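Worth saying up front: this structure is predicted, and the values here are computed from it rather than measured. Computed from heavy atoms alone, side chains included, the values below leave out hydrogens, waters and symmetry copies. Residue numbers count from 1 along this sequence.
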Amino acid sequence: MSVRVRYAPSPTGLQHIGGIRTALFNYFFARSSGGSFILRIEDTDRERYHDEALEDLFETLRWLGIEWDEGPEKGGDYGPYIQSERHDLYQEYTKKLIESGHAYYCFCSSERLETLRQEQQKSKASRVGYDGHCRSIPLEEAKQRIAAGEHPVVRFKVPSEGKTSFDDVLLGKVTRKNRDIPPDPVILKSDGFPTYHLANVVDDHLMKITHILRAQEWIPSGALHVLLYRAFGWEPPVYCHLPMVMGKDGQKLSKRHGATAVREFRKAGYLPEALINYVSLIGWSYDGEREFFTKEELEKLFSLEKINKAPGVFDYRKLEWFNGQYIRRMDDTKLVERMLPFLEKADLVSDPPEASQMELVKQMVPLVKERMKFIPDAGDICRFAFEEPSGYTAEELIAKKMDAASTVIAMEAGRTIIEAMKRADDDVVEEMFREKSEELGFKLGQMLSPLRVAITGSTVSPPLFGSIRLIGIDKALDRIDRGIELLKK
């Protein structure tokens, strides 16, 4: 059996971490199995549909480098792959269910349904939902009412007795009492559009989907879908309900935990490689120890057997750490390419960069890659190499537990040592700083901190000695002199 899996999002909102985790698991399973990854757009919810959400889906998958084998823009043997373009198919298969006695037309008004809901709540009914009022209407009578201008919905007959089971790769046999399934749900709306349950089952069957990998929140729908498959006389696919993605507080990941839309992570400067690697480890583990995987490695190593049953926790700090690690692992030439757009945006280099600017950026990379957490930080981190630092105050020069006078003493002593960098290597210079700080009764950080601010304009910068050699010792001395002058004023 050739594996065929699908990612079938509804374009009603931006792609979020949970959805993309589902997409990645499906994609990697398809690739590791030599199967096909299908993208299907479930856009039958026309009231909540947004063009922006659809475009965000395509942009997100492209940014992550996730290629679908069949779907919009690609085509395939089982299209169309956008549900709103499959309207006639749903009509056809709904008629089959009606004719076989598994579904029926329902003419109940919204007012009646609301009254029914309120009565059930008031009486605390044991089974809440539709009461089957239109189940007994003869089919010929229903057709006459439709011909007369009424617009019914179509409901699927859910048995009130017995149980329905399905096998799940992770959870084993899942069984649900039929009376616990929402009674007689609508499968075709009065406007002719299918609901999720009908379209999902019909499309998965017709597209020959072999495995359904989806979040565990869909487990309650599993029994209903199995009943639909049986009503059509079809064999259900293999189910694998994925563990939930939780926040660190143990609750389902949501906006209250912070950013969840992939677009927000992208804007913040996260690398697609880091996001793919980290998100793939939420609920999946290769050997319990290894953390770093390229997309190509996951395409070979991923398997359903290594998915965890327990919910996975999304840790923002861990993702940030992954992002920093990927920056440090990146080839210097590639990092230069990633940094340039942000340096151009910060007006530090021209477009295209001049030869001298490119050379300076190349020299910056070994210094900044160990400190950089996000590529967009490049402008702030590198600015001191292109511009004279400005805007810092005398107070920012003064280290903790020091005053202006003691800071001047520290900076003047440090200036003398930095002059020695013309003749000594960095290890010798560092030892000179240690000895001088002990002699003056300062901590090493108290001597270096004001020099760092004067030279780079910030308390956080690339390694100080490397920064000094990058801009030149004489230029560094000039900046120290301006800092001392500011303090003396």
* List the steps and the verdict of side-chain contact (heavy atoms from CB on, under 4.5 Å) for Ser32 and Ser303. => CA-CA 7 Å; Ser32 65; Ser303 67; 5.8 Å; no

* **Tyr49 six-ring face occupied by Arg46 cation (under 6.0 Å, within 45°)** => yes

* Would a distance-only check, ignoring hydrogens and angles, find a side-chain to backbone donor-acceptor pair under 3.5 Å from Asp184 to Val158? -> yes

* Flag for Tyr27-Glu67: side-chain donor and acceptor within less than 3.5 Å -> no

* Asked: Which heavy-atom pair separates Cys108 from Cys134 by the least distance, and what is that distance?
  -> SG-SG, 3.6 Å

* Asked: Looking at Glu114, Lys122, Gln121, which one forms a side-chain hydrogen bond (donor to acceptor under 3.5 Å, both in side chains) with Gln118?
  -> Glu114

* Structure fact -> Smallest heavy-atom separation, Ser280 atom then Phe25 atom, equals O-CE1, 3.6 Å

* Asked: Any luck finding a side-chain donor-acceptor pair between His197 and Thr195 under 3.5 Å?
  -> no

* To do: Evaluate the side-chain contact (heavy atoms from CB on, under 4.5 Å) criterion for residues Asp168 and Gln216: first the C-alpha distance (whole Å), next the side-chain angles of each, then the deciding distance (0.1 Å), finally the verdict.
  => CA-CA 11 Å; Asp168 185 277; Gln216 287 185 8; over 6 Å; no

* Asked: Under the 6.0 Å and 45° cation-pi test, does Lys96 pair with Tyr93?
  -> yes

* To do: In plain terms, say whether Arg214 and Glu42 are close enough for a salt bridge, that is, a side-chain N and a carboxylate O under 4.0 Å apart.
  => no

* To do: Verify the ring-centre separation between Tyr270 and Phe322: is it less than 6.0 angstrom?
  => no

* Got Tyr90 and Asp203 here, is their nearest side-chain heavy-atom distance under 4.5 Å? -> yes

* Asked: His257 and Asp249: side-chain donor and acceptor closer than 3.5 Å?
  -> yes

* Is it true that a side-chain atom of Arg40 and a backbone atom of Glu70 form a donor plus acceptor pair closer than 3.5 Å? -> no

* Asked: With a cut-off of under 6.0 Å to the ring centre and 45° to the axis, is Arg145 in cation-pi contact with Tyr105?
  -> no

* When the ring centroid of His205 is compared with that of Phe232, is the distance short of 6.0 Å? -> no

* Distance-minimising heavy-atom pair for Glu289 and Asp287 -> N-OD1, 2.9 Å

* Asked: Taking C-beta and beyond as the side chain, do Arg383 and Leu348 meet within less than 4.5 Å on heavy atoms?
  -> yes

* Structure fact -> To the nearest 0.5 Å, atom CD of Glu59 lies from atom CG of Leu14 at 10.0 Å

* For a side chain to side chain contact (heavy atoms under 4.5 Å, CB included) with Val154, tell me which candidate from Val186, Leu97, Ile98 qualifies. => Ile98

* Thinking salt bridges, do Asp69 and Lys74 make one under a 4.0 Å N-O criterion? -> no

